[in-house]
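One structure is given below, encoded as structure tokens.
Here is how names work: the chains are called A, B, and so on, in the same order as the sequence lines, proteins then strands, and each is numbered from 1. As the structure is a prediction and not an experimental result, all values here were calculated from the model.
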Amino acid sequence: MTETLHNLYLGFSVALAPSVLLYAFVGCVVGTLVGVLPGIGPLAGISLLLPASFGLDATSAIVLLAGIYYGAMYGGSTTSILMRIPGEAASVMTCIDGYEMTRKGRAGPALAIAAIGSYVAGTASIVGLMLLAPPLASFALRFGPPEYFALLMLGLLVLAYMSGGSMLKSLAMAVLGLLLGMIGIDPMTGFFRFSYGLIELGDGIGVVPVAVGLFGLSEILLTAGQPTATEIKKPRLKDLLPSREEWRDSIWPIGRGTVLGFFIGIIPGSAHIISSFVSYAVEKRLSKHPERFGHGAIEGVAGPESANTSATSGAFVPMLALGVPSGPIPAVMIAAMMVHGISPGPLLISQQPELFWGFIASMYVGNLVLLILNLPLVGIFVNVLRVPYPLLYPAILVFCVLGVYAVNGSAVDIGIMTATGALGYLLRKFDFETAPVVLGLILAPMMEMSFRQSLAMSSGSYAIFVNRPIALVMLTVGLALLLLSIVPFLMKRVDWRQRLGLEAEQEKG
Amino acid sequence: MTTDRVSASVLVIFALLVIWESRQLPLGTFHRPGPAYVPILLAALLLIFGVFLILTTGRAPLLSSIRWSEWRHALAILLTCIFAVFAIERLGYRLTVLLALVFLVKAVEKRGWVSSLAFAFGMAFGSFYLFYTVLRVPLPQGPFGF
């Protein structure tokens, strides 16, 4: 504990330096704006500023990019509550009850609880990150290729299990993503795979164009042609205070959302999207009045918003402790670290303590900044949404193209974004999840490398995956999830994930 | 014909395509996988999932139930992106964005000429100034100096 406090002191001395503070603030503002604007998610925002971060020192760069990530979680709730349009994917569940509260004239308390819940969750989960990452990094020194392979396999299975729709379809999408990750040079033999003479594909398909295409461009394709934005109810500052009953009803959902979101965020493969989905399901199950959900229940805002913010801190645990990305955004941040000559992995915390602890401390500061930005200044951000959608989406499209091009300076990336945007549009029309595709793409190189290295270590014996206890445990859990998902199919009944999905669809409709 | 049957059929065809393309790469052995091993394994999995989906598509909606009301806008946006792919390094960032936005705002969204041009100029030159000049993000300049 003494050592942790000492390290935290070191971290704050880094984080409170004027330059780092400035970049944390810029990241939070950009993140909030990105979260407010529908169609452009935190990944596009991060990719826009990624090239600009190359000239900064490593700590400032990571602080800036992380600020965008968790800033977007705060900002995404604003449009969900005021307009029933999720600013970004993790805020979808907030739309359901948040907008109903707005219709009943309770927009202010909904925004306040969302912001305060996010602040509490963000702060508490940073403590979790601070306490969990260093010992996990020490534990991870025991990880070898079999353990990494098992971990990544578990991540994909958890994502597929927790996705809202059919697990079979989610697994198919994960496999599709893994196949996309096979494009490029085989790292073990040097063979070009599926690159068709395009040198730019030698390094494989980039995460940024695929994610911006699948999430951002597909959203624009689906929503373009909408009429002018609906009326935006802008609450006044004095209307922001929740009632005593709303405070009381929010405390436990915020607490549960914080814990759930953090642990879901830790597992590589679980996106913050899933954390809000799970939190909503839990709150509805535990509520004494579940019939209130879908009609303006404050718990339906407090829980999911806390969960998705807490999940961002959880996502940093494998990123910092293991060097394993838990989603597209940590993957880009790992790439940013490597550009600065920092090798992410179990030794990062011990070799670069000022980076790790400065990053932790900046998140404390960033959460405070976001609370200030998202409450009294909510009106300023909401004004952006007054721009008619026929003008807003072309502007968002420009930023998507710019962000994708800026990463590598390659027009091929814009082509990849376009192709995956069209693919995402079709996938969503046919009711397929797109998150597993991106995750499969990110994890494919690591998974294949770990798999083939494991077989090389064991002279070709597959028993290595069951002879090593850590790998065995992780694979067993993954198998259990797979079997759990088959049970409803065999018993010909709807399981709890589909039941919630069905009910959420009815309420949103 | 349900949506799942159609989409699963596409996945099956894609999987077969991957297996066909992988024949040019060394497969290796079960104990020493080569560069084609994992792609073929994944393609086989995708094939199995696709077949399962075709066989178990009970509650999937009919293909005719999908609404495509926004297809014209979607097509226009995709064509704009394709234009950007070929034009951005030939015409430069500003001219490409200017032309793309004029097309989207004037031709597709049917706004007036003045507002369309003002918006397009503002976005093209404003974003270039912010990212190229202030943030020093490398952006291509065209043959006409902008």
Contact class of B/Leu11 relative to chain A, heavy atoms under 4.5 angstrom: side chain
For residues 394-415 of chain A, run the donor-acceptor check on the side chains, cut-off 3.5 Å, and write out each pair with its distance to 0.1 Å, sequence neighbours left out.
{"unit_1": "A/Tyr405", "atom_1": "OH", "unit_2": "B/Glu89", "atom_2": "OE2", "d": "3.1"}
{"unit_1": "A/Asn408", "atom_1": "ND2", "unit_2": "A/Asp413", "atom_2": "OD2", "d": "3.2"}
{"unit_1": "A/Ser410", "atom_1": "OG", "unit_2": "A/Val412", "atom_2": "N", "d": "3.1"}

B/Phe121 atom CZ, neighbour heavy-atom count above 12 within 6.0 Å: no
side-chain contact (heavy atoms from CB on, under 4.5 Å) assessment of B/Val38 paired with A/Met447: CA-CA 10 Å; B/Val38 174; A/Met447 272 186 86; over 6 Å; no
Flag side-chain contact, heavy atom, 4.5 Å: A/Pro388 against B/Glu109: no
A/Val175 versus B/Phe49, closest heavy-atom pair with distance: CG2-CE1, 3.6 Å
side-chain contact (heavy atoms from CB on, under 4.5 Å) between A/Tyr196 and B/Glu21, worked out: CA-CA 10 Å; A/Tyr196 300 105; B/Glu21 288 293 322; 3.1 Å; yes
Per-residue contact mode, A/Tyr462 against chain B (heavy atom under 4.5 angstrom): side chain
Value rounded to 0.5 Å, distance of CG in A/Leu171 from CD1 in B/Ile48: 12.0 Å
Side chain proximity check, B/Glu70 to A/Leu221, heavy atoms < 4.5 angstrom: no
CE on A/Met182 to OG on B/Ser22, rounded to 0.5 Å: 10.5 Å
Student check: side-chain heavy atoms of B/Tyr37 and A/Leu455 closer than 4.5 Å: no
Which of B/Cys81, B/Ala76, B/Ala43 touches chain A most, by non-hydrogen pairs under 4.5 Å: B/Cys81
Chain A interface, residue from B/Met123, B/Gln24, B/Arg72 that has the most non-hydrogen pairs under 4.5 Å: B/Met123
A/Leu426, part contacting chain B, at a heavy-atom distance under 4.5 Å: side chain
Region of A/Thr418 in contact with chain B, defined by heavy-atom distances below 4.5 Å: both
Residue pair B/Leu25 / A/Phe192: nearest heavy atoms and the distance that separates them: CD2-O, 3.7 Å
Engaged part of A/Met417 at the chain B interface, taking heavy atoms whose separation is under 4.5 Å: side chain
Atom CE of A/Met457: over 12 foreign heavy atoms under 6.0 Å: yes
Test item: A/Leu179 and B/Leu46 side chains (from C-beta on) under 4.5 Å apart, heavy atoms: yes
Between CG on residue B/Leu45 and CG on residue A/Leu176, distance to nearest 0.5 Å: 12.5 Å
Engaged part of B/Val6 at the chain A interface, taking heavy atoms whose separation is under 4.5 Å: side chain
Output a table of donor-acceptor pairs, distance under 3.5 Å, between side-chain atoms of residues 60-69 of chain B and any protein atom two or more places apart or on a different chain; print 'none' if there are none.
{"unit_1": "B/Ser65", "atom_1": "OG", "unit_2": "B/Leu62", "atom_2": "O", "d": "2.5"}

Beyond-backbone contact of B/Val10 with A/Phe430, side-chain heavy atoms, under 4.5 angstrom: no
Contact class of B/Phe86 relative to chain A, heavy atoms under 4.5 angstrom: neither
Min side-chain heavy-atom separation A/Arg452-B/Pro35 under 4.5 Å: yes
Side chain proximity check, B/Leu78 to A/Tyr425, heavy atoms < 4.5 angstrom: no
